[in-house]
Amino acid sequence: MEYQLLQETLLAHILRAEREEAKKLLLTVVHEKGYETALRDILEPTLRIIGDRWAKDSISLAQGFVAGKVVEDFIANTKEIFSKQMFKASPLEAGSPPRIAVMGNIEDDYHSLGRSMVTSFLELSGWAVTDLGNDVLAEELVDTAIRIRASVIGVSAMMLTTARNIVKVRQLLYQRGLENRIALAVGGAVFRMRPELAAEVGGDGTADTGIDAPELFETLRLRIYENQKRVQL
């Protein structure tokens with residue numbers, strides 16, 4: 001009940017554009033109950049509510065903007081805690097793929113909150129991330145991944161209709177012979193509701209929350225490395 005009340009209070013702050021009050025609430029939870037509680041039990045459930053309302057056109061663009069800024073504030077003010085308590089990257093094994101990723105919302109998708117959060121956690125975990133933003137064509141995602149030598153492409157979609165566009169990314173990876181060189185991570189609200197969809201659109205994996213994304217990306221990077229070693233044998 002306490003967490004639900006905190007979620008409702010945070011949501012009210014965001015909808016009223018009370019950015020400073022939202023920041024204070026989250027930092028209070030961090031100090032009293034811990035970083036992971038603030039993130040998993042308060043911030044992320046609230047963002048899911050906002051995402052659901054966004055999909056139903058029941059919140060404004062300005063309110064969505066404030067939500068994004070609240071996330072930025074939270075991450076900016078807790079970087080040190082994150083680096084001490086959460087995912088820690090191991091040293092790169094000689095010859096293994098680099099920790100480089102491309103991120104983007106797939107074609108026709110404009111729900112950027114989740115993607116922005118994942119990008120921030122990846123960067124805090126030692127990944128170099130090129131974020132292409134919203135409404136990104138499959139060709140741009142794959143071309144960018146090749147150009148910057150990315151080991152993982154991360155694609156976000158909120159709705160089932162846009163998630164199906166991710167299939168185009170998988171098709172391009174196959175057509176260009178990159179299936180053993182570049183992994184495809186997928187995420188967004190629709191994948192939480194329909195976990196089987198990740199495989200249906202050609203994804204190599206998905207994470208339940210933004211904070212779980214670094215572990216997923218590292219797993220996919222190491223899988224790529226193992227695939228490359230088998231090919232060389």
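- With respect to Arg40 and Glu44, no salt bridge is recorded, no charged nitrogen being found less than 4.0 Å from a carboxylate O.
- Note on Lys23 versus Glu18: no salt bridge recorded, every NZ/NE/NH1/NH2 to OD/OE distance being 4.0 Å or above.
- Every salt bridge (Lys or Arg N to Asp or Glu O under 4.0 Å) that Arg170 has, sequence neighbours left out, goes to Asp204.
- Here Lys24 pairs with nothing under the side-chain hydrogen bond (donor to acceptor under 3.5 Å, both in side chains) rule; sequence neighbours left out.
- Contact check for Asp135 versus Tyr110: side-chain heavy atoms found under the 4.5 Å cut-off.
- Ion pair Glu21/Arg16 not flagged as a salt bridge, since none of the NZ, NE, NH1 or NH2 atoms sits closer than 4.0 Å to an Asp/Glu carboxylate oxygen.
- Val102 pairs with exactly one of Val152, Leu141, Val136 by the side-chain contact (heavy atoms from CB on, under 4.5 Å) rule, that one being Leu141.
- Residues Tyr35 and Leu26 are not in side-chain contact: their nearest non-hydrogen atoms beyond the backbone lie 4.5 Å or more apart.
- Thr206 pairs by the side-chain contact (heavy atoms from CB on, under 4.5 Å) definition with Val186, Phe191, Ala198, not counting sequence neighbours.
- At most 12 heavy atoms of other shown residues, nucleotides or ligands fall within 6.0 angstrom of atom CZ in Arg181.
- Residues Arg53 and Leu15 meet the side-chain proximity criterion, which asks for heavy atoms closer than 4.5 Å.
- Taking all atoms of both residues into account, the shortest heavy-atom contact from Leu6 to Leu25 is O-CD1, 4.2 Å.
- For Arg19 (side chain) and Val66 (main-chain N/O), no donor-acceptor pair under 3.5 Å exists by modelled atom type.
- Salt-bridge formation is detected for the pair Glu72/Lys69: a Lys NZ or Arg NE/NH1/NH2 atom is positioned less than 4.0 Å from an Asp or Glu carboxylate oxygen.
- For Ser60, the side-chain hydrogen bond (donor to acceptor under 3.5 Å, both in side chains) test picks out Gln63, with sequence neighbours left out.
- Every residue was checked against the side-chain hydrogen bond (donor to acceptor under 3.5 Å, both in side chains) condition with Glu179, not counting sequence neighbours, and none meets it.
- Partners of Glu32 by side-chain contact (heavy atoms from CB on, under 4.5 Å), not counting sequence neighbours, listed by chain and number: Thr28.
- In plain terms, the two heavy atoms of Ala163 and Val190 that are nearest each other are CB-CG1, 3.9 Å.
- The closest donor-acceptor contact from the side chain of Asp109 to the backbone of Asn105 lies at 3.5 Å or more, if one exists at all.
- The shortest side-chain heavy-atom distance between Val155 and Leu184 falls under the 4.5 Å cut-off.
- Applying the salt bridge (charged side-chain N to carboxylate O under 4.0 Å, His left out) definition to pairs two or more places apart or across chains, those involving residues 116-133 are Arg115-Asp131.
- Every residue meeting the side-chain contact (heavy atoms from CB on, under 4.5 Å) condition with Asn165, not counting sequence neighbours, appears here in chain and number order: Ile106, Glu107, Asp108, Lys168.
- Side-chain contact between Phe74 and Ile42: absent, with no pair of heavy atoms (C-beta onward) separated by less than 4.5 Å.
- Between the side chains of Gln4 and Glu8, at least one donor N or O lies within less than 3.5 Å of an accepting N or O.
- Under the 4.5 Å side-chain contact rule for hydrophobic residues, Val71 and Phe65 do not share a cluster.
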Checklist entry - Going through the checks in order, is the side chain to side chain contact (heavy atoms under 4.5 Å, CB included) test met by Leu160 and Met193? => result CA-CA 10 Å; Leu160 178 60; Met193 294 182 289; over 6 Å; no
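- A ring-ring contact (aromatic ring centres under 6.0 Å, His included) check over residues 198-230, counting only residues at least two apart or in different chains, returns the pairs Trp127-Phe217.
- The stretch residues 184-202 participates, sequence neighbours left out, in these salt bridge (charged side-chain N to carboxylate O under 4.0 Å, His left out) pairs: Arg194-Glu196, Arg194-Glu200.
- In this model, a donor atom of one side chain and an acceptor atom of the other lie less than 3.5 Å apart for Arg221 and Ser96.
- With hydrogens and angles ignored, the 3.5 Å screen pairs a side-chain donor or acceptor of Gln7 with a backbone N or O of Asp41.
- With sequence neighbours left out, the side-chain contact (heavy atoms from CB on, under 4.5 Å) criterion links Arg176 to Val142, Asp143, Ile146, Leu172, Leu178.
- With sequence neighbours excluded, no residue satisfies side-chain hydrogen bond (donor to acceptor under 3.5 Å, both in side chains) with Tyr174.
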